[in-house]
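Report on the following structure.
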Amino acid sequence: MQINYAKKEVSCKLVYYGPGMSGKTTNLEVVHQKVPDHNKGEMTSIATEGDRTLFFDFLPLDLGKIRGMTTKFQLYTVPGQVYYASTRKLVLQGSDGVIFVADSNADKIEENIESLKDLENNLKEYGVKIDELPVVIQWNKRDLPNALPVEELEKAINWLNAATTEAVAATGEGVLPTLKLAASLILERLNSKEPGAPTSAKAKVAEPKEKKEVYVANINADKISRSYFNQYCQIQYRLATKSNDVEDFKKFSTEEKKKLLDSLINYVLLLQDSKARGIQADKDHVETQVKSFGRKFKSQEELDDYLGRRRLTLDNLRNEATRNVIIGMVIKNVLPNIDQRLKISSKEVAEYYESHKGAYGDKTYDQVKSSVVGRIKATRKKELLQEFFMKLREKSTIEIFDSNI
Amino acid sequence: MKDEKLRQRRLVYYKEDIDQIDKLLDEFIKLSGSVAIFLIDKDGHLVTQKGTAPSIHPETLSALVAGSFAATKEMARMLGESEFSVMFHQGKKENIHISLVGERAMTATVFDTQTTAGMVNLYSKELMTKLEVIFNIASKREAKEHSLQSGYSDSVKDKLEDMFKE
Ligand SMILES: Nc1nc2c(ncn2[C@@H]2O[C@H](COP(=O)(O)OP(=O)(O)OP(=O)(O)O)[C@@H](O)[C@H]2O)c(=O)[nH]1
Ligand SMILES: [Mg+2]
């Protein structure tokens, strides 16, 4: 049963069980015929060509809003034939009640007994005792000339003392009363045994005492805890490493840690500053960056493999992308004359080429010119950012607790 | 003890959880470019849905998805796998991607040529992790005071009586 307070909906699952050919599917067809259109959905049958149920039949009933809750019954039948044992069990999962359709035919008594035992076993495997579940036994095919008297059926089959009904499903007789009885039993359950009695024993289990947080740095109003910092270090490592042998837990030297903390502080400062300026990373922009990262991989498997080995999630990528996007925006907004400052004269290019000639081998100046320009620009950008962070730091209060790193 | 067992079998979803879940599903649809997504519990009850797929009857889809997932679970067991966590059915225009959410539920995502199976798979992996977190929190939460109105069961019985008038 599902009680969904968000959708204001109660949904119960009721399963028709019983031996092959006893009339389970027929029961469902009758319900389908007799229930008003607005209270029912389509009936779905997964059956063999000869109309024997292969997996299940399914019919959803919608009783409409009752005391504020939309109330639904999902009706299923199982395949009765012996060799569909495993599918029969699957359909039974989570059922709130069972209608056991027994065949009154005198020749079928053993099959009825077998099937009821099978029901009991399957329920047990789901951890349900059959006498704790609403069960109605329907003596079906009362019209057969060789139908056993009900008293005999009771004696032979109803060792559970379950509620019973009589029916001729083929003509529709007794089908709805059976369903109504089963539904009432399920509902009575709902009355008597509400979930929600607080399980006090469980609730009293003491929460572990909150660990005292240790901080590695205070940056203006923000504090960086050691655990957060450690995590940051690991993720930076996993993002950066080129090797496919990713260490579970990377150990860093103090020097490396200080560098990482430096970069984290810059990031926090950047976030604080952009927030103060009302600059926000555009979500779509971030997603585009993440996607373009994904496109670097030849296939989905490769990307999965890459992320899996590094134990990285999309959110990790998103954080990185967010940082890049914000940096880009801040550069544009905060350093408005950036284009000016990034203008590079041909004299500079020539000078750079001359002093780095060795690195360019025997390529001519014209061949490498554009790459040189790119290089100078990148260096210049870095300098500008560094300058920007220096300024931010000057007007900020930053405390670093070296001993906690 | 009995109550506890019953509680485990009775799936109760509270508004705060569903609100969170709905938000995740909305986001998922946008990011993955899917048409619709259905969250279904393992017993075949629909929990919530987002997006629109007019041709699909949600309850029937839920029953079929839960059934076929249970069946593949059996197949997995035969192969010695604990379970297959993803199932994918490809059509000419529309496809369906089914993914297990922890022990209790699954999602069925309908998508068309607007996106690719890879994209849906990528974002649904992430979604599964997030949903599992919500489910875990929800399942540990102490059951709240039950708030089905008194007389609910009797009213349902009246309704059944009315519906089944022959
Ligand atoms: N005489 C008689 N025949 C019935 C009655 N109910 C069902 N039948 C017939 O029994 C046969 C089997 O009915 P189904 O409803 O398909 O049986 P089932 O239990 O779903 O069978 P499986 O799907 O194989 O498990 C059909 O030919 C029905 O017409 C009844 O009350 N009297
Ligand atoms: Mg059948």
Side-chain angles (χ1 to χ4, degrees), chain A residues 1-7 10-11 13 34-36 39 41-42 44 46 55-56 58 60 63-64 66-69 71-72 74 76 86-87 90-91 93-95 127-128 132 176-177 179-180 183-184 187-188 190-191 193-199 202-203 287 294 299-300 303-304 313-315, chain B residues 2-7 9-19 22 31 41-48 57 59-60 62-64 66-68 70-71 73-74 117-119 121-123 125-126 129 142-149 151-157 159-161 163-164 166:
Chain A
M1 178 175 312
Q2 180 193 172
I3 303 177
N4 191 322
Y5 288 114
K7 287 197 300 169
V10 177
S11 176
K13 178 170 177 177
K34 292 199 172 176
V35 167
N39 290 123
E42 297 263 320
T44 306
I46 304 179
F55 199 163
F56 59 75
F58 173 70
L63 280 57
I66 297 171
R67 302 234 170 181
M69 298 296 271
T71 304
K72 295 183 173 176
Q74 322 290 356
Y76 292 76
S86 59
T87 39
L90 298 180
V91 177
Q93 166 159 322
S95 130
V128 180
E132 287 174 13
L176 293 187
L179 175 53
K180 212 155 54 185
S184 322
L187 291 163
E188 266 155 34
L190 202 53
N191 270 347
K193 294 218 181 58
E194 300 305 350
T199 47
K202 211 173 160 195
E287 283 311 318
S299 66
Q300 182 65 35
L303 174 59
D304 280 352
T313 65
L314 276 175
D315 269 341
Chain B
K2 229 170 166 185
D3 278 359
E4 178 62 20
K5 214 159 79 190
L6 204 75
R7 210 178 90 199
R9 302 207 317 115
R10 194 175 287 173
L11 308 167
V12 180
Y13 297 95
Y14 295 105
K15 188 159 184 317
E16 58 249 55
D17 302 322
I18 299 290
D19 283 350
D22 279 346
L31 291 176
D41 74 37
K42 68 176 178 354
D43 302 339
H45 300 290
L46 176 70
V47 179
T48 183
H57 184 276
E59 251 95 44
T60 307
S62 303
L64 290 171
S68 57
K73 200 169 168 171
E74 279 300 301
M119 272 296 160
N121 207 28
L122 179 65
Y123 284 107
K125 270 189 194 161
E126 179 189 40
T129 322
E142 201 151 317
K144 288 187 189 165
E145 221 27 65
H146 158 75
S147 60
L148 285 181
Q149 287 180 29
Y152 169 76
S153 306
D154 288 336
S155 305
V156 176
K157 279 193 220 168
K159 175 75 203 186
L160 283 169
E161 197 73 45
M163 220 167 96
F164 291 169
E166 289 187 66

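Numbers restart at 1 for each chain; the letters A, B, ... are given by sequence-line order, proteins then strands.
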Heavy-atom distance under 4.5 Å to chain B: side chain of A/Q93, backbone, both or neither?
both

Do you know which of B/D22, B/L46, B/T48 has the most heavy-atom pairs with chain A at a distance under 4.5 angstrom?
B/L46

Please classify the contact between A/K7 and chain B as side chain, backbone, both or neither, with a heavy-atom cut-off of under 4.5 Å.
side chain

Within the distance-only criterion (no hydrogens, no angle test), does the side chain of A/K13 pair as donor or acceptor with the backbone N or O of A/V91 below 3.5 angstrom?
yes

Under a 4.5 Å heavy-atom cutoff, which of B/N121, B/V156, B/D41, B/I18 has the most pairs with chain A?
B/V156

Answer yes or no: does atom NZ of B/K73 have more than 12 heavy-atom neighbours from other residues, nucleotides or ligands under 6.0 Å?
no

May I ask you to check whether over 12 heavy atoms, not counting those of A/E42, lie within 6.0 Å of atom CD?
no

For chain A, which of B/L31, B/D19, B/T129 has the most heavy-atom pairs under 4.5 Å?
B/L31

Contacting moiety of B/H57, where chain A heavy atoms sit under 4.5 Å
side chain

Looking only at heavy atoms and a cut-off of under 4.5 Å, which of B/K125, B/E161, B/E74 has the most pairs with chain A?
B/E161

Minimal heavy-atom distance between B/S155 and A/R67, with the atoms involved, is OG-NE, 2.8 Å

Quick check: does any side chain N or O of A/N4 sit under 3.5 Å from a backbone N or O of B/V47, one acting as donor and the other as acceptor?
yes

Report the relative orientation of the aromatic rings in A/Y5 and B/Y14; use parallel for angles under 30°, tilted for 30 to 60°, perpendicular for over 60°.
parallel

Residue B/E59 versus chain A: region with a heavy atom under 4.5 Å
both

By a 4.5 Å heavy-atom criterion (distance strictly below it), what part of A/T87 contacts chain B: side chain, backbone, both, or neither?
neither

If I measure from the heavy atoms of chain A, does B/S62 come under 4.5 Å with its side chain, its backbone, both, or neither?
neither

Within a strict 4.5 Å, meaning less than it, do heavy atoms of the A/I46 and B/L64 side chains meet?
yes

